[in-house]
Amino acid sequence: MQKIIGRREFMARGAKVGIASVLVNEFLAKVPGGLWAAPAAAAPDIAVAAGGDYGAAAFKAVELAGGMSKFIKKGAKVALLPNVQSRHPGTFTKPEIFRAVIRMCRDAGAGEVAALSLLTQQHWDGAGLSQIAREESVPVKLIPAEDIHYRPVPVPRAAAFKEAMVPNDFFNYDAYINMPVTKDHAGNRFTGTLKNHMGLNSRAANRSFHKPKWKTDPADIEHLEICIVDLNTIFKPALNIVDATEIITTNGPMGPGELIKPMKVAAGLDRVAIDAYCAALLGLEPRDVLSIRKSAERGLGEIDLRKVKVQEVRV
Amino acid sequence: MALRRWILFLGFGGAVLAAVSSGGAGPPGGPAVRSQKDPASPSARLDLASCLPRSDEVPGWSPKGEALVYRGEDLFTYIDGGADIYNEYGFRQVIVQDYENASQKAVTLEVFEMADAAAAFGMFTFKTSARGTAVALGQGGRLEDYYLNFWKGPLVVTITGFDDSPESVGGVRAIAQAADGKIKVRGEKPALAAAFPPEWAERGGLKYLRGPLGLRNLHPVFARQSIRFHEGAAGWPADGVLAVILKGQTAAETMTALSDSEKAFSSSPPFSGYQSRDGGFAGRDAKGNSIEGRLLDGHLALLVAKERPGDGDKLWERLRAAIAGPWR
């Protein structure tokens, strides 16, 4: 017989898990919408809006997912994590989506909205996001590379990566929204919600994902993807909003490469399911992307899209 | 034949240093070197700044901002997760210069110095596909929607516009032409890649491989495989049929590549129908792609097709002929 877990029991169970997590990792608990969140009954696991107005698509995708106020509490300090790695077409989070998310956070009553980035002003200027930040009066906090700007955070469930180096600034926020662009990646074939979390780990620590013997040692080749999974075990975004509007299918993550235009924005909590959905947009079998497959095996989400509710609309 | 190639290589190496003087950290007033670390170089670095067109060399377009140089491990600072594939082929340094026209359209020129001409050619094949249009620029110039690549000697040159408007693409072509004119060196394709007939490249793009990342990006059938090899080449002998040749530095290493392949395709869950046959193997993945591997004349040859080709024997003969061709 199926047991329906009520919200009170759900919260009690969540709190037990949460307390255990707090003991080993304090900042997991700081993320609203994490272990305590109960998804609204009608909301899809993956909400997708498609159309040529990318800002409108972002608004619609989040609305379908339940609305920003479901994920962001009133007064919360919210950090945004877009991808500005390159300014080549199809390689960065679109400015229109960035603007839409800022406005949705404010409409939901966020007390503060800021962007965090390990990259440089030049990256932000090139992608056109610094202009949006200025127009929307959103501070862009560029984290310098030196270790002093990071806090070591243990990874209790690590298979390979035992200690993350998380920007000190990250701890000043109550929640963060993960905003990758999905695209090709020469190293692990695909990048999306899971890999974008490398933007919350120092560049020096990220370098350790790339082991020196990877050219000859098959275990080293997989090391990058196992580390990505490990890193994701300590983070829990309030929401993932993925730019799948214009994306490169070759020469990623930097480009330039062959461009496809699904013109979609996807929103949801389940990083594995969203990445599985987006991998298919690139013509990839999700199980062939090791970071997605291993994340599913580690219980971070659902890889089988037949088991999740996907709702798509046009705007 | 091999001696001629070696002499050409030596000649071309000298030409590089003459054409683009050895630069070190660059001349006073030259590009900003962003490298934190500058690992000892096995040979003199090229002065890549001399490859950058000045504004009087590209009417209507002017350099915007300073040129940036990234060396060695600092490629990760520039392209982060994209650096591994360059390192697989052999990366030395890159110079990056933005250009802008009067209507503020932007074009970026990147000149990558690779370890040698083979590395440059390989990286060029990784970055290009058969979808583009051949253009008479550099070696193998190829224009795709909004960007253009060519290689020349140890250099890979990429010029990118930020949309596919005629104005941007015109800028891409103009800057490419000016850069091509400033780079005086040439190189030869690696012999293994030269073995493939041109029509094999036209169907889906010729690839020259130097390691597992290139192979993994070649076709989904290799997505989960880890096959160790020294160099390889891939092309399309028939529609929907991918031919791959891999070899080690020694016969023993080539045998390792074969055993890696057998292990990968016999034990991976998505593969079925694995058969060991004639010193090779055959199998099929979950999507119905057939893969066959054989040792041919000291090389590991692989054929991947959606369905096992009806003229498979003929394809194997053509592959054998390519391997045994005059390039050897």
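The model shown is predicted, which means the values in this text are computed figures rather than measured ones. So that the names make sense, note that chain A is the first sequence line, chain B the second, and so on, each numbered from 1.
Counting non-hydrogen atoms of other residues, nucleotides and ligands closer than 6.0 Å to NZ of A:Lys141 gives a total above 12. With a 6.0 Å radius and a threshold of 12 heavy atoms from other residues, nucleotides or ligands, A:Arg203 has its CZ atom above the threshold.
Taken to the nearest 0.5 Å, the CD atom of B:Glu144 stands 11.5 Å off from the CG atom of A:Leu259. Here the NE2 atom belonging to A:His88 is positioned 5.0 Å from the CD atom belonging to B:Glu110, to the nearest 0.5 angstrom. Taking CG of B:Asn217 as the reference point, atom CG of A:Asp184 lies at 6.0 Å (rounded to 0.5 Å). Here A:Met254 contributes atom CE and B:Tyr86 contributes atom OH; the two are 8.0 Å apart, rounded to the nearest 0.5 Å. In this structure, CG in B:Asp84 is found 7.5 Å from NE2 in A:His185, a value given to the nearest 0.5 Å. Between B:Phe76 atom CZ and A:Asn206 atom CG the span is 10.5 Å, to the nearest 0.5 Å.
Only the side chain of B:Ala106 comes within contact range of chain A, with heavy atoms under 4.5 Å apart. Only the side chain of B:Tyr147 comes within less than 4.5 Å of a heavy atom in chain A; its backbone stays farther off. Contact of A:Arg293 with chain B is made through the side chain alone, with heavy-atom distances under 4.5 Å. The contact between B:Tyr78 and chain A is made by backbone and side chain atoms together, counting heavy-atom distances below 4.5 Å. For a residue to count as touching a neighbouring chain, one of its non-hydrogen atoms must lie under 4.5 Å from one of that chain's; by this rule A:Glu246 does not touch chain B.
With respect to chain B, the highest number of heavy-atom pairs below 4.5 Å among A:Gly283, A:Gly257, A:Ala145, A:Gly126 belongs to A:Gly257. Note on B:Gly211, B:Pro212, B:Pro220: by heavy-atom pairs under 4.5 Å with chain A, the leading option is B:Pro212. Counting heavy-atom pairs closer than 4.5 Å to chain A, the top residue among B:Ile85, B:Thr160, B:Asp164 is B:Thr160. Most heavy-atom pairs under 4.5 Å with chain B, from the set A:Arg287, A:Glu285, A:Glu258: that is A:Glu258.
Contact of the A:Ser86 side chain with the B:Ile79 side chain is not registered, since no non-hydrogen atoms from C-beta on lie closer than 4.5 Å.
Pairing each heavy atom of A:Pro89 with each of B:Gly161, the nearest pair is CD-O, 4.2 Å.
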CA sep, side-chain torsions, deciding dist, call: A:Gln122, B:Leu68, side chain to side chain contact (heavy atoms under 4.5 Å, CB included)
CA-CA 12 Å; A:Gln122 191 180 22; B:Leu68 301 175; 3.5 Å; yes

Apply salt bridge (Lys or Arg N to Asp or Glu O under 4.0 Å) to B:Asp98 and A:Arg87, showing your working.
CA-CA 12 Å; B:Asp98 290 338; A:Arg87 62 178 178 154; 2.5 Å; yes

Evaluate side chain to side chain contact (heavy atoms under 4.5 Å, CB included) for A:Thr250 paired with B:Phe126, printing each intermediate quantity in order.
CA-CA 9 Å; A:Thr250 61; B:Phe126 184 86; over 6 Å; no

